[in-house]
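This report refers to the structure that appears directly beneath it.
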Number of protein chains: 2
Amino acid sequence: MKSAVEPLKARRIYLLLRDRIVAGELPPGGRLPGEPALAAEHAVSRVTVRRALDLLEKEGLVQRKAGSGTFVHDTRAVRPIVADLSNVLSHLIDMGRSTDVKLLSFGYGIPSESIAESLGLKPGERVQRSVRVRLIDGEPFSYLTTHVPEWIGLTYSEAELAARPLLELIERSGVTTERATQAINATLAGPEAAAALDLEIGSPLLTLTRIVYEPSGRGVEHLHALYRPDRYSFHMDLVRTGNDGERRWSPALGWPRTDKSKTDKSKLGEKPTRSTRAIKQRS
Amino acid sequence: MKSAVEPLKARRIYLLLRDRIVAGELPPGGRLPGEPALAAEHAVSRVTVRRALDLLEKEGLVQRKAGSGTFVHDTRAVRPIVADLSNVLSHLIDMGRSTDVKLLSFGYGIPSESIAESLGLKPGERVQRSVRVRLIDGEPFSYLTTHVPEWIGLTYSEAELAARPLLELIERSGVTTERATQAINATLAGPEAAAALDLEIGSPLLTLTRIVYEPSGRGVEHLHALYRPDRYSFHMDLVRTGNDGERRWSPALGWPRTDKSKTDKSKLGEKPTRSTRAIKQRS
DNA sequence: CAAAGCTGTATTATTCATCATACAGGTTCC
DNA sequence: GGAACCTGTATGATGAATAATACAGCTTTG
């Protein structure tokens, strides 16, 4: 007899309405059904509908006008930063210079088994672990946990880490980085990440796990990044390659990625378009 | 007087413990603190701790043994499918795993403004909209919503859509697909997606929004995909290209798919330990 | 074996989200 | 202006999640 944990009705209503909005069912600028109507439709009280709408309003998805109604906010004005995957790290390095970094934690110790394994460390080898938050325009958008073998980490100071891109520091130590693997996934915000990113616990997050290798194959950096999906997303252009028999999509390389291509014709789907404000790498 | 909506303490504990586990703070196979200890540590009742552990157990992250304790399940055995970003679906077929498709919805109508805009449709032009769920080994892992211009959609039947890849059908209609853009993000599962993917409402999801263009620049397919992060994740290998002055990371193309590194590197996991306590639960 | 610790389970009290209802005040439309 | 909407706000009642406590049965340790 388990009571099925039906997590907060308000949350359910919130997610339902959110889906309708982003799916375009409720067009931007349109008015959504009144609170009594919504309450009846979903068989909940108006108070609950109200709390769902509070969440939507806080996310900027709707705008409420007393006496008039609740309207779908034109979300196309606020778009997340788009990071081009075809050009990942240089993009991040660029960003490392135009954004602020807050160093939350810094120290040395024995890594967990999984970290040690992915870096190819011998048992007992120590690592430097750091936790940073990156902010753009003063707003946090990424929560970065990095592990670096101790012998590399010792070549720079805590202050340097807070000021310069980690990869630059690694290369300065004499290591050459040649290959990297990364995986993208999604997760929920735990207490620490939620606090650092100014989010509610349980908010969705984009995750990026990247391991950078030196030519010999040993790992020199293990990065685990959490991104706020409303402020950051990955983007890539694909081109069709191969012959008829074996046709694939491949990332478009070396293609003129002047960011103005998104200003006229948006190709971002979902919450596309019209880059009113947002990103400019300078700020 | 807003009561800050502190969604379910059990959920908070669940997320906290989950983070510790995937961060490696609690090593696989290790025993985590007893339920009374956890209850005291987080100032909640044992019942609540219990419900958090129920969630962890349902996710397969821990294994409980009556009379003995709760142990971190060796999660390295069950890893999500890793999809190479440059070769998304053919990869699955290579693995010899059977993917089924369930067609949930099929029909024609006027698209939302954002869809119409991203496909480059004229006002009033109609689209075919379909919702499908893809399963691997009988388990759902993706929820796909596609929009295709009507003149293309009419060239194939509902039954064909359920049986063959959409892109194949589009090309069969005479259209050549050459270019595409896609964006990756994260979101929470709404009621429909949650039901289709056999998840709780509010679970994290990976999203992929892809728009495929024909040479003339008109959009021929708008795909919005939701993936279960525990069963699917994106992976890519990067190589360093360019000269000293302008060094960049680019996706490695045509890489050998039998690379074993992807099977053990895709582990996400980690997060700082900061408090340093815990983790010494040996045996 | 016995003690100590653990998970599994049940019971009751308390706290908090939700409900149902009512009313104030703004907006829209006739 | 006035009727019919709407959002904003407050009230007490109800129900669900959590807290506090107790005990059974199993596992490990000495």
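No hydrogens, no waters, no symmetry mates; every other heavy atom, side chains included, goes into these values. Naming: A, B, ... by sequence-line order, numbering from 1 per chain.
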Walk me through it: do A/E41 and A/R20 pass the test salt bridge (charged side-chain N to carboxylate O under 4.0 Å, His left out)? CA-CA 14 Å; A/E41 181 184 353; A/R20 289 198 185 164; 3.2 Å; yes
Using the rule given for side-chain hydrogen bond (donor to acceptor under 3.5 Å, both in side chains), can you reason through B/H224 versus B/T209, listing the C-alpha separation, both sets of side-chain angles and the distance that settles it, and then say yes or no? CA-CA 5 Å; B/H224 182 69; B/T209 306; 3.3 Å; yes
Would you say A/K9 reaches C/dC19's phosphate, i.e. side-chain N/O to OP1/OP2 under 4.0 Å?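 For A/K9, the contact criterion (side-chain N or O under 4.0 Å from OP1 or OP2 of C/dC19) is met.
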Between B/R51 and D/dA17, is there a contact of a side-chain N or O with OP1 or OP2 at under 4.0 Å?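 B/R51 to D/dA17 OP1/OP2: no side-chain N or O under 4.0 Å.
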Taking atom [atom2] of [N] as reference, at what distance in whole Å does atom [atom1] of [X] sit?
X: B/Y14; N: D/dA17; atom1: OH; atom2: P; answer: 18 Å
X: B/F71; N: C/dT7; atom1: CZ; atom2: P; answer: 9 Å
X: A/L38; N: C/dT18; atom1: CG; atom2: C1'; answer: 17 Å
X: A/L8; N: D/dG15; atom1: CG; atom2: C1'; answer: 14 Å

May I have the step-by-step check of side-chain hydrogen bond (donor to acceptor under 3.5 Å, both in side chains) for A/Q128 and A/Y108, ending in yes or no? CA-CA 4 Å; A/Q128 173 200 93; A/Y108 292 85; 3.1 Å; yes
Range-with-range stems for DNA chain C, at least three Watson-Crick or G-U pairs under 3.5 Å: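 If one scans DNA chain C for consecutive Watson-Crick or G-U pairs, the stems found are C:1-30 with D:1-30.
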Where do A/Y227 and A/Y143 land on the ring pair (Phe, Tyr, Trp, His ring centres under 6.0 Å) test, with the steps shown first? CA-CA 6 Å; A/Y227 298 100; A/Y143 180 88; over 10 Å; no
Measuring only between side-chain heavy atoms, which start at C-beta, is A/R31 closer than 4.5 Å to A/T70?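 No - every pair of side-chain heavy atoms lies 4.5 Å or more apart.
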B/L16 versus B/H42: any side-chain heavy-atom pair under 4.5 Å?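 In contact.
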Residue list, side chain to side chain donor-acceptor pair (under 3.5 Å) with B/K58, at least two apart or on another chain: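 For B/K58 the side chain to side chain donor-acceptor pair (under 3.5 Å) partners, ignoring immediate neighbours, are B/E200.
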Out of D/dT18, D/dA19, C/dC19, which has the shortest distance to the side chain of B/A10?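 The answer is D/dT18, which lies nearest to the side chain.
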Looking at A/E35 and A/R64, is any side-chain nitrogen of the basic one under 4.0 Å from a carboxylate oxygen of the acidic one?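 Yes, charged N to carboxylate O under 4.0 Å.
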Once base and sugar-phosphate atoms are separated, protein heavy atoms under 4.0 Å mark nucleotides 2-9 of chain D, 5' to 3', with B, S and - as ----BBBB
